[in-house]
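Right, one structure below, let's go through it.
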There are 2 protein chains.
Amino acid sequence: MNLSDVIESYIKQMMVETQNEVLEIKRSMLAERFKCVPSQINYVIATRFIPELGFYVESRRGGGGCLRICKVNLEEQEYITNILDKMGSKLSQSVADVYLQNLLGYNIIDSRTVKLIKSAISDKSLENVSILDKDKVRADIFKCMVINCL
Amino acid sequence: MNLSDVIESYIKQMMVETQNEVLEIKRSMLAERFKCVPSQINYVIATRFIPELGFYVESRRGGGGCLRICKVNLEEQEYITNILDKMGSKLSQSVADVYLQNLLGYNIIDSRTVKLIKSAISDKSLENVSILDKDKVRADIFKCMVINCL
DNA sequence: TATAATAATAGTCAAAGAAAGTCAAAGTTA
DNA sequence: TAACTTTGACTTTCTTTGACTATTATTATA
């Protein structure tokens, strides 16, 4: 676990604890707490709190400003259509991981299915696909599997 | 025993000791420990930790990156090793179907897994793979998935 | 009171850093 | 000599950092 992962879990934990789908928190507080530069928080938000997974982040600057991280609780099927809608025609392994870990967290898929999907879209599986097309093929496989099986 | 063999045993030993079928380790640590270049670790992985031998390896680059070596229990799954042995490097959809029906018949995999695998190796999934490589990629995906669904 | 200055936030973007991956050449061994 | 192993230069990916910018609230001033 690198620092970004730690910050991600912390924020998610906070959201669970406050039992609320909106978390208001100061970026500077997070940066302080994790001894990092404030912009690292933006990186975490940008890579992990994404609309595909029902997260919407707003913010206010100036005195008393803060981040507002909102989690929209969707129905199982909505998460899936949401991901399919927003995901585009390319998919990297790391973004796929983010999707799958979250779906697992929401109990929309089980860990065995995660394993199967990850195997199917792994670089090992795609070693004979041109580097230029890998993320495209990965997206195709991911979509097919999700559409047919979830 | 050459160095690659030593590294191979070391990794396997580690997996036994951690009593876990997943080992997370830094490539740079291994290279350091065995005083070799990091890419030698890739060589060991590529030649000894392959799906046919029941291994699945993931990795993450960047800060905090590492290798994740997963072991699947293939020993008592003779039927699968048989199929993988015979399979060769190419696989058509129809031959895949035959294999899958057999695996289903022997209760080695369930029908949902069959569906997942079929989706992953469907022509729809592989529409962006050159016609020349389709059956090759299909074989790669099939191997990875069959091993990982155990 | 209206406006200007200051402080307190957060945002952006690119560079630096920290891993791992690739590939081919050189070396070894059976 | 063919197959396997070792090496290293170069590439790609992901994370961390920091300088600079933008916005908002508060305080001071005309």
Side-chain angles (χ1 to χ4, degrees), chain A residues 1-11 23-50 56-70 90-99 101 118 121-136 138, chain B residues 1-11 23-50 53 55-70 140:
Chain A
M1 284 245 279
N2 57 37
L3 184 53
S4 291
D5 293 336
V6 175
I7 297 171
E8 176 192 3
S9 326
Y10 178 79
I11 294 173
L23 173 67
E24 282 198 7
I25 196 165
K26 280 199 190 305
R27 184 183 75 155
S28 51
M29 289 301 126
L30 284 171
E32 175 82 11
R33 184 170 207 293
F34 293 104
K35 302 275 175 268
C36 64
V37 295
S39 59
Q40 176 140 17
I41 308 304
N42 296 79
Y43 176 73
V44 174
I45 297 290
T47 53
R48 288 133 160 106
F49 291 84
I50 52 181
Y56 295 92
V57 181
E58 304 164 50
S59 65
R60 213 174 57 242
R61 305 186 192 191
C66 66
L67 300 174
R68 255 176 90 85
I69 304 172
C70 313
K90 288 181 162 194
L91 181 64
S92 69
Q93 267 190 97
S94 51
V95 172
D97 268 5
V98 172
Y99 292 164
Q101 282 313 309
K118 279 175 90 164
I121 64 177
S122 68
D123 271 343
K124 183 74 186 164
S125 282
L126 302 182
E127 65 187 353
N128 284 297
V129 176
S130 142
I131 183 86
L132 296 166
D133 298 330
K134 255 177 223 201
D135 283 352
K136 187 125 189 27
R138 218 190 304 276
Chain B
M1 283 247 280
N2 59 37
L3 184 52
S4 290
D5 294 335
V6 175
I7 297 172
E8 176 191 0
S9 336
Y10 177 79
I11 294 173
L23 174 66
E24 278 196 13
I25 196 164
K26 279 199 189 305
R27 184 183 76 156
S28 51
M29 289 301 129
L30 285 171
E32 176 83 10
R33 183 167 206 295
F34 293 103
K35 302 278 176 264
C36 64
V37 295
S39 60
Q40 176 138 18
I41 309 303
N42 296 79
Y43 176 73
V44 174
I45 297 290
T47 54
R48 289 135 160 103
F49 293 84
I50 55 177
L53 299 172
F55 291 97
Y56 176 69
V57 181
E58 300 171 64
S59 65
R60 256 179 107 177
R61 304 188 191 188
C66 67
L67 300 174
R68 257 177 86 92
I69 305 172
C70 314
D140 294 336

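In what follows, chains carry the letters A, B, and so on, assigned in the order in which the sequence lines appear, proteins first and then strands, with residues in each chain numbered from 1. Only a predicted model underlies this, so the values are computations on that prediction, with no experimental measurement involved.
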A:D135 vs B:V44, nearer the 5' end of DNA chain D by closest nucleotide: B:V44

Not counting sequence neighbours, which residues clear side-chain contact (heavy atoms from CB on, under 4.5 Å) with A:K26? List them please. A:S28, A:M29, A:C66

Rounded to whole Å, how long is the line connecting atom CG of B:N2 with atom P of C:dT28? 13 Å

Of all nucleotides in DNA chain D with an atom under 4.0 Å from a non-hydrogen atom of chain A, which is the first and which the last going 5' to 3'? D:dC14 to D:dA25

For B:C36, all residues meeting side-chain contact (heavy atoms from CB on, under 4.5 Å), sequence neighbours excluded: B:L3, B:I7, B:A31, B:F34, B:Q40, B:I41

Measure CD/A:E58 against P/C:dG11 and give the value in whole Å, please. 11 Å

What distance separates B:S4 OG from B:R48 CZ, expressed to the nearest 0.5 Å? 4.5 Å

I'd like to check the side-chain contact (heavy atoms from CB on, under 4.5 Å) partners of A:S130; sequence neighbours left out, ordered by chain and number. A:L132, A:D133

Quick one: B:L67 CG to C:dA19 P, roughly how many Å, whole number? 12 Å

Here the gap from B:R33 atom CZ to B:I25 atom CD1, rounded to the nearest 0.5 Å, amounts to 8.5 Å

Nearest whole Å is fine: how far is C:dT9 P from A:I41 CD1? 15 Å

Look at all strands and tell whether A:L3 reaches a base, only sugar-phosphate, or nothing, counting heavy atoms closer than 4.0 Å. sugar-phosphate

A:D97 with B:R60: basic N within carboxylate O range, under 4.0 Å: no

A:D123 CG to C:dA20 C1', in whole Å, measures 11 Å

Qualifying residues under side-chain contact (heavy atoms from CB on, under 4.5 Å), relative to A:F49, sequence neighbours excluded: A:E8, A:I11, A:K12, A:V44, A:I45, A:F55, A:V57, A:I69

Restricting to non-hydrogen atoms, name the atom on A:K134 and the atom on A:L126 that form the minimum distance, rounded to 0.1 Å. CE-O, 3.3 Å

Pull out every protein N or O sitting under 3.5 Å from an N or O of nucleotides 12-18 of chain C, one pair per line with the distance.
none

